[in-house]
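Let me begin by presenting the structure, written as structure tokens, before commenting on it.
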Protein chains: 8
Amino acid sequence: MNASSVSAPRVAILMGSDSDLAVMSEASAQLESFGISSEMEVLSAHRSPARLHDFVKAAPGRGIRLFIVGAGGAAHLAGVVASLTTLPVVAVPLAATSLNGLDALLATVQMPAGVPVATMALDKAGARNAAIFAAQVLALGDPQIAEKLEAHKLQLARSVEEKSARLKEKLAASKK
Amino acid sequence: MNASSVSAPRVAILMGSDSDLAVMSEASAQLESFGISSEMEVLSAHRSPARLHDFVKAAPGRGIRLFIVGAGGAAHLAGVVASLTTLPVVAVPLAATSLNGLDALLATVQMPAGVPVATMALDKAGARNAAIFAAQVLALGDPQIAEKLEAHKLQLARSVEEKSARLKEKLAASKK
Amino acid sequence: MNASSVSAPRVAILMGSDSDLAVMSEASAQLESFGISSEMEVLSAHRSPARLHDFVKAAPGRGIRLFIVGAGGAAHLAGVVASLTTLPVVAVPLAATSLNGLDALLATVQMPAGVPVATMALDKAGARNAAIFAAQVLALGDPQIAEKLEAHKLQLARSVEEKSARLKEKLAASKK
Amino acid sequence: MNASSVSAPRVAILMGSDSDLAVMSEASAQLESFGISSEMEVLSAHRSPARLHDFVKAAPGRGIRLFIVGAGGAAHLAGVVASLTTLPVVAVPLAATSLNGLDALLATVQMPAGVPVATMALDKAGARNAAIFAAQVLALGDPQIAEKLEAHKLQLARSVEEKSARLKEKLAASKK
Amino acid sequence: MNASSVSAPRVAILMGSDSDLAVMSEASAQLESFGISSEMEVLSAHRSPARLHDFVKAAPGRGIRLFIVGAGGAAHLAGVVASLTTLPVVAVPLAATSLNGLDALLATVQMPAGVPVATMALDKAGARNAAIFAAQVLALGDPQIAEKLEAHKLQLARSVEEKSARLKEKLAASKK
Amino acid sequence: MNASSVSAPRVAILMGSDSDLAVMSEASAQLESFGISSEMEVLSAHRSPARLHDFVKAAPGRGIRLFIVGAGGAAHLAGVVASLTTLPVVAVPLAATSLNGLDALLATVQMPAGVPVATMALDKAGARNAAIFAAQVLALGDPQIAEKLEAHKLQLARSVEEKSARLKEKLAASKK
Amino acid sequence: MNASSVSAPRVAILMGSDSDLAVMSEASAQLESFGISSEMEVLSAHRSPARLHDFVKAAPGRGIRLFIVGAGGAAHLAGVVASLTTLPVVAVPLAATSLNGLDALLATVQMPAGVPVATMALDKAGARNAAIFAAQVLALGDPQIAEKLEAHKLQLARSVEEKSARLKEKLAASKK
Amino acid sequence: MNASSVSAPRVAILMGSDSDLAVMSEASAQLESFGISSEMEVLSAHRSPARLHDFVKAAPGRGIRLFIVGAGGAAHLAGVVASLTTLPVVAVPLAATSLNGLDALLATVQMPAGVPVATMALDKAGARNAAIFAAQVLALGDPQIAEKLEAHKLQLARSVEEKSARLKEKLAASKK
């Protein structure tokens, strides 16, 4: 696990439709902030299983070390990816039906023994966290990413202080 | 849709483990009562995707017209079968985790547009109904099955009368 | 929705109110794309049981081979249709109350042993899939529909490629 | 609403199977305590719709004033009874599947505007309350039942005092 | 809502806030259509228990025969009314919090043995049905209401025919 | 449970039935460990509202400073107590029906603005925590209780160390 | 517990982001109406645990007697505060994700034995009630707050009368 | 569980009580099968936050690369660990209360953006998968583990064949 290539993506971000881009681009942006290059692709467990199969099988050869997968409804995409690889699969359940994502969450997280899928929170928070988690995984073999994660953790703490400052401004404004 | 062979199974009953046999044999027994021969097989979307792929692709050639699939947890088996065939897929969600089958139900029924899975009730009632539904489908091309379904419907009504009689016996006994 | 085919409808699409037309016309349009003619009717298990009874009993004589039924809330319509026929009944639960369709889903799918209802996903995805499933059933006795289903399956896979292309366009545009 | 006949039942208690007798006999026993005679019958909305139709249509002529209906799973029995009568229908959802009665509750209570079903709690508490509610309805026209309900209400309050006394005995015993 | 009837109200419609009027006036309008006069009042189990107590205790003396109660959240209003009277209490759970009415439904329907509350569907459908159910109860002692209920049942069936006609018009229009 | 302290009880522990004693005695035992004397009583919001009213109104005069209330199903007891007092009310929802306590939880926690009920976890963990929380409240005015709470917090930490030690024993034993 | 200082806050209101201010300011405004001064702060169990630790540990020394904590999603903030103090912790679960607050509710209320968190209703009603509950706790040692709570309870009852009056105005207006 | 490997543990398996050992030892056994040594410890976010803090902070120095955390109820343990480290945290929600693990699942998976927790299935399946996932992560930098994972994947596929063989034996036996 030795980081290097300037451009070859190490993380593949998969989704069932280009309409999921708004959510899943949270993941690619977050990865980019850690200097981790990623690729995004539309794939479907149900509509194009052969194309999915070929993509997942070819991914390690292209340098992919980890998959991030977003899916809604009876969300099978992450599980099917996991059935085809021994690389880590991180999933983002999407609230895409009237059941508000409970369907995607249960269909993603309740994988049977033998084929793990690492499930994150629903929607944008989950997409962001999938990227941070991917960075944590890659950081085990890449001190540069580890450093960036430490900086990110400090920045998280700072963001709370900034929110605290904004709160105090609002409160002061409301008392005038 | 022209019934014929004495023995070649027309329905494939799939499950993720031989431990599901107690539930899924409700389906095979019910099919047998309609004179429909079936075969049972253990297959897994997650643990042996290649074997599943080969089985589903070869099934029509062996005379299979319809799949009945039982699965629990993040139940993907029926959906993956449906992604590989244009034959009808009927699913039986199984209550196999502490979530009492809600996970299997949502993971089965909330399939995306394009790849239908016909979902039955949870557990034994669902396994029985999957078989009756399969018979209803096959009956469209097989008058003998259609006749047996009519007889089954009469028998259902008679079973209510039998239960009514038993109720009255119990009530009479309790008054003595 | 440019209906045409001279042939008598083979599928009856039932709903509880004309306000369900927007959802259920997904089913009729999809059937039409397979060359399967259908009819639509408003019927109610609770408000006009006699009319429903007569419709279902007369349907086979008019050539109906399969019912597609949309209903919300304590969705009984599909179950009552199934109690009156041995033809296959395919149901589309509708999210019509503040409970987001969980009521319709459970009231539809949890049918007792003996009277199956093949339940699809909630709302439009379910309506579309009900039609595809109906086509899969009819295709068992109609090679022309079977061919169209194969074409549809290829088209599904192509649609993923189109979405993939759109994704790449969006990504390229966002980098400019 | 003029009480009279010593024996003609005024309440019909319906259930889908004689196996529901243990729960539903809570209702008949409670009615009997108010001097209200009832009859019990096994009927099924799905398995014997014609028999159900005939029973409900004939009931008023035999003196039935109110229905109490127990059903589990996709519990349609009460709703179908209500579609056939203008007499009050009181329902007891039964926890009969792995979903613990949530299915029966939603399938019973979420009736569409026009056809009410008065839903009680799940299982035995609901069966008992269905009978008390039936008595409250009949009491509007029968002062004897009204008196018995007042006595029952006093007895309820007394039962709390008895439980309080038992609690104190247990506490005293535990301190020895 | 053109109130008129000189007669004293027989049904009291209670709600926790005047903001519930839009939903609960469905009940009063429906009662009026049956010639049943009703009164509406804002009462609270939690905020003004003494006023609620006095209202419920005085109601029978003023001719009230039945309560219809709408409440949301931890909906206790109907249960508290039922604890104070032996008159029938019919409840309408309201979807008033982010939990979409599941809280109100469970807090209303799961009453303990001894104190029944007849629960209707959530929101407007439930308010309408509460009124129809009240009419069914009162009709047991009032042949005029019974006749109106029969007419209402016919009108329900006719409304389905009207919806069917509208459906056909829409379909015809879409084919032009 | 070796009660002793001469002082008048400061906490009233209420429950709907003596059958809840096994759960609610967790609260009294925990209070006793803090030297806080309590009393237990069976009361019912639905079955004996007048007795409940009198008890709650008299409680402050007897020295009660806080109520702990256990209830299941449509759990109204805590809410009704809160409607009658300005003393703090702490509630323990009980899993007493087939819905596993979800009903009691929602019926307890979703109180309307104006009448708070402090809700603890379901069942025994909740009963224990209700007592600890009561002690935290009383400790604001009683340094002796505050000291005991500090000791309890240290004991909690020690209990984790004890569990850790037991874990290591078990692991060592399994390696022999 | 002896009220005094004109300005030193006795209640700390914590939240995970300044975007929660709209909800949580319901609590500060309600406290202010009882003459209880409070402070608001943004803190995070997950993003700045050290800052949270320091804040909670220092709070008693600054006169804080009670925490009110609002959090959504996997709401851990209140539990982590409770792990660090023996002061009472009151929590307001926030509906901040697509799961409508069910996640925040369960993550808040189901605390293990030993570390209580007093959970209020979701969102604004809960924020208001957290403040009233805090006042009830502080009133045990402060007769002035106790008086204000009595006045608040009378005002609650009056507000019901005002709503009743508004209802009658609306009804009168609709009859013109 | 015959531990051996001399090497320092790379995975720390944390749980809230030694009573969770039966579930969590599924993880350690699975890790051992991959030649990955692990350590197990009882820690509590709520009962001994300081001890948890020290453990997590010291873990990297001892060679820990990844945490596996099991917790039930308002399961905060994994989230608190994640707040203290940039190492990957994998969580196993445990069904430990009457809510069947839905509480633990939501309290674990719905983490806010910034602090990811990789959530596995409930209970034993989740514990097993947490270990396999940990191995997948470590395999990115350790070809020996990667090889063992490939072997495990083959073994998974073989286990399906074994189950299939057992199914056929059972079927053959039942036909004799």
Side-chain angles (χ1 to χ4, degrees), chain B residues 7 9 11-29 31-32 37-56 58 68-77 80-81 94-107, chain H residues 20 22-23 26 30 70-73 75 92-109 119-129 132-133 136 149-176:
Chain B
S7 57
V11 177
I13 301 173
L14 311 183
M15 66 203 82
S17 170
D18 57 298
S19 63
D20 299 331
L21 180 59
V23 172
M24 299 311 292
S25 61
E26 296 276 328
S28 59
L31 284 169
E32 208 178 313
S37 108
S38 66
E39 64 182 15
M40 299 181 97
E41 184 56 287
V42 174
L43 287 165
S44 168
H46 296 127
R47 285 178 288 224
S48 57
R51 190 163 172 267
L52 174 61
H53 178 275
D54 295 348
F55 182 94
V56 175
I68 292 176
V69 183
H76 298 189
L77 187 53
V80 172
V81 171
L94 303 179
T97 74
S98 64
L99 294 178
N100 295 322
L102 187 65
D103 44 5
L105 173 56
L106 298 184
Chain H
D20 299 330
V23 173
E26 295 276 327
Q30 185 76 56
V92 184
L94 304 178
T97 73
S98 63
L99 293 178
N100 294 323
L102 186 65
D103 43 5
L105 173 56
L106 298 184
T108 300
V109 80
T119 307
M120 297 289 144
L122 285 160
D123 299 327
K124 287 198 175 182
R128 197 103 75 84
N129 277 352
I132 299 170
F133 187 78
Q136 291 176 338
L149 278 167
E150 291 300 330
H152 174 258
K153 209 147 188 85
L154 292 175
Q155 171 54 27
L156 271 183
R158 263 199 305 277
S159 77
V160 176
E161 286 171 41
E162 286 159 19
K163 285 174 177 178
S164 170
R166 277 206 303 275
L167 176 73
K168 270 141 203 179
E169 282 167 32
K170 287 180 191 176
L171 291 173
S174 75
K175 283 182 185 161
K176 276 177 194 171

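Chain naming here is simple, since letters A, B, ... match the order of the sequence lines and numbering starts at 1 in each.
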Exactly one of Arg166(H), Lys168(H), Lys163(H) should register a side-chain hydrogen bond (donor to acceptor under 3.5 Å, both in side chains) with Asp18(B). Which one does?
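Among Arg166(H), Lys168(H), Lys163(H), the one that satisfies the side-chain hydrogen bond (donor to acceptor under 3.5 Å, both in side chains) with Asp18(B) is Arg166(H).
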Output the distance between atom [atom1] ([X]) and atom [atom2] ([Y]), rounded to the nearest 0.5 Å.
| X | Y | atom1 | atom2 | result |
| --- | --- | --- | --- | --- |
| Ser164(H) | Met15(B) | OG | CE | 9.5 Å |
| Lys124(H) | Ser98(B) | NZ | OG | 13.0 Å |
| Glu161(H) | Arg47(B) | CD | CZ | 13.0 Å |
| Leu102(H) | Leu102(B) | CG | CG | 8.5 Å |

Largest heavy-atom contact set with chain H, pairs under 4.5 Å, which of Pro49(B), Gly16(B), Ser17(B), Ser44(B):
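Option with the top pair count is Ser17(B).
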Part of Asn100(H) within contact of chain B (heavy atom distance under 4.5 Å)
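Both backbone and side chain of Asn100(H) come within 4.5 Å of chain B.
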Would you mind checking which part of Leu43(B) comes under 4.5 Å of any heavy atom in chain H, side chain (CB onward), backbone (N, CA, C, O), both or neither?
backbone
Is there a side-chain contact between Leu122(H) and Thr97(B) (heavy atoms, below 4.5 Å)?
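They are not in side-chain contact.
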Which is it for Leu21(B) and Leu167(H) under the side-chain contact (heavy atoms from CB on, under 4.5 Å) test, yes or no, and what are the steps along the way?
CA-CA 8 Å; Leu21(B) 180 59; Leu167(H) 176 73; 3.5 Å; yes
Any chance the side chains of Ser48(B) and Arg158(H) put a donor and an acceptor closer than 3.5 Å?
no
Considering residues, nucleotides and ligands other than Glu32(B), do more than 12 of their heavy atoms fall under 6.0 Å from its CD?
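No, because the 6.0 Å sphere around CD of Glu32(B) holds 12 heavy atoms or fewer from other groups.
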